[in-house]
Amino acid sequence: MGPYTQSERLETYRNHADKLIESGQAYHCFCTAERLTQVRERQQKMGLAVRYDRHCRNLTTEDARERVKSEPHVIRLAIPESGRVTFKDIIRKKVAFDWQQLDDQVLIKTDGFPTYHLANVVDDHLMEISHVIRGEEWLPSMPKHLFLYESFGWEPPTFAHLPLLLNPDRSKLSKRQGDVAVESYRDRGYLPAAMLNFVALLGWHEQGNRDIFTLTELIDAFEIGRVQKGGAIFDATKLNWINGQHIRQLPPDEFAAAIRPHLAPEWDVTKAMVAAIQTKVNLLSDAQDQLAFFFEDPVVYDEDSRQALSSAQAKGVLSTLLAGFDAVSDFSGDWFLGIVKQIGEDFSLKGRDLWHPIRAAVAGRVTGPDIVTIVETFGLEKVRDRIQAALNFE
RNA sequence: GGCGCAUUCGUCUAGGGGUUAGGACGCCGGCCUCUCACGCCGGUAACAGGGGUUCGAAUCCCCUAUGCGCUACCA
C-alpha cells in the first residue's frame, strides 16, 4: 500500500486501462489536438454542449490495435450513451446526473501518463481506501469515477463532498486574496487548537450549543454527516475570539511558552507579568505590546498618558502620592493600592480619573495589567522616581 | 450556453410539519472593577421570492432569482 508515485506505476495504470478496452468500456482514440479544437469550436458556435464527438469510439478493435503501433493515441472511457446515475454522498444524500451530459474522459494521455480520474480510482482501490472525502468541485466527476469502479468490478468507497470555503465576497477562497497559509496564522499568534476549532465550525456544528472545543472534544463530537452543504465565508473575526478563549484555558506555563517566540529575546519575563496579561490577549503576538512597558526605561509616555498627566488634578494627586513615600515602612503592591485609594477619597476621585494619571506616571500607559503587579515588579525606587519624573512632565 | 450543488440574523450556525425560529461572533447598553481586559446580564438582527401539498410549512414538491462548482490529454 501507498504512498504511490504515479511515474513508478505507469505500467499498472496501463494494464488497468487495457482491461477496460478488452471489456469494451474504454477505447483508443487517435484524434489530433487540432481536430478536437475544431469539434469544440463548432459545438460552441452551435450552442451545443462541448464534448468529444466519439469519433474513434466505433473503430474496430483490429483497426485500433494496428494503429496503436504507429500512431500517437490516448485511451478514453466509453461512457454509457443514455440513462441516469444516482448515487449517495454522506453529506448531500442523493445526487443524480444524466450519462448524456458526460464526456468520454481521457484515461491515459498520449505521453502514457494516466489522468487524475484513472489514477485516483486505481490507487484508491489498491490502497483499500474506505472513504473519499474531498471538495465539492469533484462532485461532477463522481459518475465517471463510479463508472470506473463498476467497470473494474470493484466496490466503490463511501464518498463525502465537502462545501467550499468562501471569501467575504462569496467567491471561492483563494490563496491569493489575503494569506490563508496556515503558517501565516501561526506566525500571527493563533494556536493550532483554536485554528482547528474555528475551521471545524466552518461548515459543521453539533446539536448542542458548544463553540469551544479542545482537539479531543472535537474528535469526539464530530460527525461528518452533520457537515453543512453550503459554502461558508472565512471570517476571521470569530477566530480571534476563539483564539482568545483557547489562550485563557492554557495553563500558565504553557501560555508563557507560547508567547515566548513573539517577544523580544532579551526580555526577562516573569511569571507575574505573564499571569497579568493572559486575559488580555486574543493573539499570542499581542503579548509583545502588552508587556513592552515593563522593559522601557526610562518610561515612555504614550499619547493617552500625556493627556492623563496634563489633567487638572494629576499634579496634585501625584505630589500627594509622592509625599506618601516618605512614610513608607513596608513597601508592597497592596500598600500602594491602599495609599492611592486614600488619595482618591481625599480628592473625591475614582475610576479612570484617579488611576489614569497614576498608571501614566508609573507605566507610561493608561491601561494594562493590575497595578499591584506593576508596582511590585518595578519596586519602590523606580516607582518613586517615576512619580517624581511625572511631576516634572511638560 | 449545458449540467450539478447550494440558499435561516452582517458572519458561523441549531432546526427533519405545530418553536415567542435557539446559540455564538460582532455591534450597542448595563453590572463587576485600580485602568484595560476577562466574566456576567440585557438588547440588536434571519427563514431569497413566488406558487403548490397540508388543518398547519424554515422544514416536503415545483418554478424563479442569486451564488458557487464542473464543462481539459489539470488536479
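In what follows, chains carry the letters A, B, and so on, assigned in the order in which the sequence lines appear, proteins first and then strands, with residues in each chain numbered from 1. Excluded from the calculations below are hydrogen atoms, water molecules and symmetry mates; all remaining heavy atoms, backbone and side chain alike, are included. Predicted, not measured: the structure shown is a model, and the values here were computed from it.
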Residue matched to [N] through Watson-Crick or wobble contacts both under 3.5 angstrom:
| N | result |
| --- | --- |
| G2(B) | C70(B) |
| U7(B) | A65(B) |
| G39(B) | C31(B) |
| C47(B) | none |
| C55(B) | G18(B) |

- Can you find a donor-acceptor N/O pair under 3.5 angstrom joining the side chain of R359(A) to the base of C34(B)? yes
Find the distance [X]:[atom1] to [N]:[atom2] and express it as a whole number of Å.
| X | N | atom1 | atom2 | result |
| --- | --- | --- | --- | --- |
| Q245(A) | A24(B) | CD | C1' | 10 Å |
| L164(A) | C12(B) | CG | P | 14 Å |
| E137(A) | U71(B) | CD | C1' | 14 Å |

- Item | NZ/NE/NH1/NH2 to OD/OE distance under 4.0 Å, K382(A) and E376(A) | no
- Query: Less than 4.0 Å between a side-chain N and a carboxylate O, is that true for R42(A) and D53(A)?
  - Reply: no
Nearest to the [X] side chain among [options], which nucleotide is it?
| X | options | value |
| --- | --- | --- |
| D370(A) | A14(B), A72(B), C34(B) | C34(B) |
| R352(A) | A72(B), U35(B), A37(B) | U35(B) |
| L36(A) | G39(B), G23(B), C73(B) | C73(B) |

- Task: Please state the P separation for the pair U64(B) and A58(B) - nearest whole angstrom.
- Result: 22 Å
- Message: Taking only the P atom of each, what is the distance from C12(B) to C68(B) in whole angstrom?
- Response: 15 Å
- Query: Any side-chain donor-acceptor pair under 3.5 Å between D235(A) and T237(A)?
  - Reply: yes
- Task: For the pair F97(A) and F87(A), name the ring-plane relationship: parallel under 30°, tilted 30 to 60°, perpendicular over 60°.
- Result: parallel
- Using the six-membered ring wherever Trp is involved, compare the ring planes of W204(A) and F222(A) and label them parallel, tilted or perpendicular (cut-offs 30° and 60°). tilted
